[in-house]
Amino acid sequence: MIDVRRIRTDYDAVRAALARRGDGTEELDRVHELDQRARQVSSQRDELRARVNALSKAIAQLRRDGDASAAEAKQAESRQLGDTEKALAAEADELSGTVRDLLLRIPNLPADDAPDGAGPDDNPVVEVVGPGDDPAAWGEHQRVPHWDIGSQLGILDLERAVKLSGAMFTMFRGQGATLARALCQAALDRNSDAFEEVRPPTVVLTETMVSTGHLPKFIDDAYHLERDDLWAIPTAEVPLTSLARDEILAESDLPMRLMAYTPCFRREAGSAGRDTRGLLRVHEFDKVEILAYTTPEQAPAVHRDILARAEALIADLGLTYRVLDLCTGDLGNSAARTFDIEVYAPGVGQWLEVSSVSWFSDYQARRANIRYRPAEGKGTEIVHTLNGSALAVPRVWAALVETLRQPDGSVRIPEVLLPYMRGAVEIR
RNA sequence: GGAGGGAUGGCAGAGCGGACGAUUGCGACGGUCUUGAAAACCGUUGAGGGGCAACCCUCCGGGGGUUCGAAUCCCCCUCCCUCCGCCA
């Protein structure tokens, strides 16, 4: 969440920044107003408490001195203050609770250098690597959708996945399953130079979902296990961001870099009926996420590094891709700046988002209460968080089998995956 | 699932209704001494919020309650430990 103090002291700038997103300004106005009242009430409450505290001290002294009647008089006085104090405290609690609820729903301020725009169509394309989406650039044998390739080669079994779990669930088989796992293995191995591998729980508490910004606003997108009040994670970003929740890190530990391979669960409630065929949009998929906690100063370099790493793997797989600089109107709720990597899947003729590399400034860390102690100076500062998918299986798998399909119908295994394919160099 | 014991500052660990935001030890930081370091000695050292400031408020796992006053008493919850049961 954004800092209330900035709303107090720099209201116009905060409002202008939010307006660039086209979202959140009504809540902001209400927060601005309610926060002022909340502070008023709580300082009245504090004054009363101070009087009660002072009286209690005086009573203690009087009792020690043996002056019981004077003590009783002060007790009566204090008792009278009690009711007013209770009422004020209740009001203050309610106000500050409302302020927090609103604050949790206000999105992050976009970075100054995030491009302006209203929606996905306004995202500037930063670079295109490979032949692009010109159909002439692709061979006949590559313009076959992955679901056809998958059933021809026996490596994808969508019908039975539906039998087991319903629409938009997937099942890889044989070398298709091996390929899916090889992608994750490769993603983990090539980032292990700088990122600690973590295997977090994939089912988490409500608070863990709130920290990253996935709740309360996006409740319909998440799977909830009602009986135990637990949530299936939509991305490893969720547990990894909460790993340091309520902790104070040493500046010398930053940047702290983590990666995790986990399943991800998404209800896709808002996109029912879209991309239902094949692997384009599924309820459960595997992903390797890489994430960092940094100081504000370290954040830009780490952001570039995560993007470079995600890009390099896609490039090494031999896929065509482009990088988008998300405009203010398309930025995710918690992000200040995001670069999306989209691969081109020639069989379905679509650009597929495979990685979102985001800088969240202190938005998530403030929710999660993750701080660090600066080496110089005293007190604590809020860390910055950043993350991106190093690799998300289904869409990369789809683009890969379409791109690397040979005229004879087999699929060539790219060199970076060879160590993980049990000796296979192609799938046929 | 059942029975008992616990949760206090970076860590360890006292306190069990009033001078306790908290004794003490360790650690960390600063100083004295030293060519330098170690040792010794002296001092400093939790977080959050409000206020221009003086200063005030909150926090002893979380939430409620009793009281003029709660780390301390009562209730509920969570987590940890021990034993029993069950079980990949």
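In the text below, chain A, chain B and the rest are named by the order of the sequence lines, each starting its count at 1.
What separates CG of A/L230 from P of B/C79 is a distance of 10 Å, to the nearest Å. Rounded to whole Å, atom P of B/G9 lies 14 Å from atom CG of A/D246. If you measure from atom CZ of A/R373 to atom C1' of B/U45, you get 10 Å, rounded to the nearest angstrom. Between the P atom of B/G49 and the CZ atom of A/R100 lies a distance of 13 Å, rounded to the nearest Å. Atom pair A/Q75:CD and B/G69:P shows a separation of 9 Å (rounding to whole Å applied). Counting to the nearest Å, the P atom of B/G63 and the CD atom of A/E207 are 11 Å from each other. Whole-Å rounding puts the A/D93 CG to B/C59 P distance at 11 Å. Following rounding to the nearest Å, A/D83 (CG) and B/U67 (C1') show an atom-to-atom distance of 13 Å.
B/U44: Watson-Crick or G-U partner is B/A28, with both key distances under 3.5 Å. Partner assigned to B/A39 is none, using Watson-Crick or G-U wobble distances below 3.5 angstrom. When both pairing distances are held under 3.5 Å, B/C83 makes a Watson-Crick or G-U pair with B/G2. Base pairing of B/G21: no nucleotide in any strand meets the Watson-Crick or G-U wobble criterion (both distances under 3.5 Å). Nucleotide B/U67 forms a pair with no other nucleotide shown, judged by Watson-Crick or G-U wobble geometry with both contacts under 3.5 Å. Nucleotide B/U78: paired with B/A7 (Watson-Crick or G-U wobble, both distances less than 3.5 Å).
If you check every strand for non-hydrogen atoms under 4.0 Å, A/S42 touches nothing. A/Q61 comes within 4.0 angstrom of a nucleotide base, judged by non-hydrogen atoms across all strands. If you check every strand for non-hydrogen atoms under 4.0 Å, A/S78 touches sugar and phosphate atoms only.
Put simply, A/R39 has a side-chain N or O that comes within less than 4.0 Å of OP1 or OP2 on B/G51. One finds a side-chain N or O of A/R5 lying less than 4.0 angstrom from the OP1 or OP2 phosphate oxygen of B/G49. Neither OP1 nor OP2 of B/C68 sits under 4.0 Å from any side-chain N or O of A/R51.
Atom CD of A/Q175 sits about 9.0 Å away from atom CG of A/L153, to the nearest 0.5 Å.
Residue A/V302 is tested with A/N387, A/L254, A/T294, A/T295 for a side chain to side chain contact (heavy atoms under 4.5 Å, CB included); the sole match is A/T294. If you run side chain to side chain contact (heavy atoms under 4.5 Å, CB included) between A/P239 and each of A/L291, A/T202, A/I233, only A/I233 comes through.
Ranked by how close their nearest RNA chain B nucleotide is to the 5' end, A/R45 and A/A76 are led by A/R45. Nearest-nucleotide mapping onto RNA chain B: of A/S43 and A/L55, the residue sitting toward the 5' end is A/S43.
Nearest to the side chain of A/R8, among B/G48, B/G49, B/C57, sits B/G49. Side-chain proximity of A/D46 to the nucleotides B/G48, B/C68, B/C57 is greatest for B/C57. Closest to the side chain of A/V52, out of B/G69, B/G48, B/A19, is B/G69. If you check B/U58, B/G69, B/G50 against the side chain of A/N53, the one that comes closest is B/U58.
Contact annotation: side chain of A/R64 to base of B/A19, donor-acceptor pair present below 3.5 Å.
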Point to revise | Pair A/W231-A/F265, ring-ring contact (aromatic ring centres under 6.0 Å, His included): steps then yes or no | key: CA-CA 9 Å; A/W231 303 82; A/F265 300 91; over 10 Å; no

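Note: A/H384 and A/Y363 fail the aromatic proximity criterion, with ring centroids not under 6.0 Å apart.
Salt bridge annotation for A/R181-A/D286: absent, with no cationic side-chain nitrogen under 4.0 angstrom from a carboxylate oxygen.
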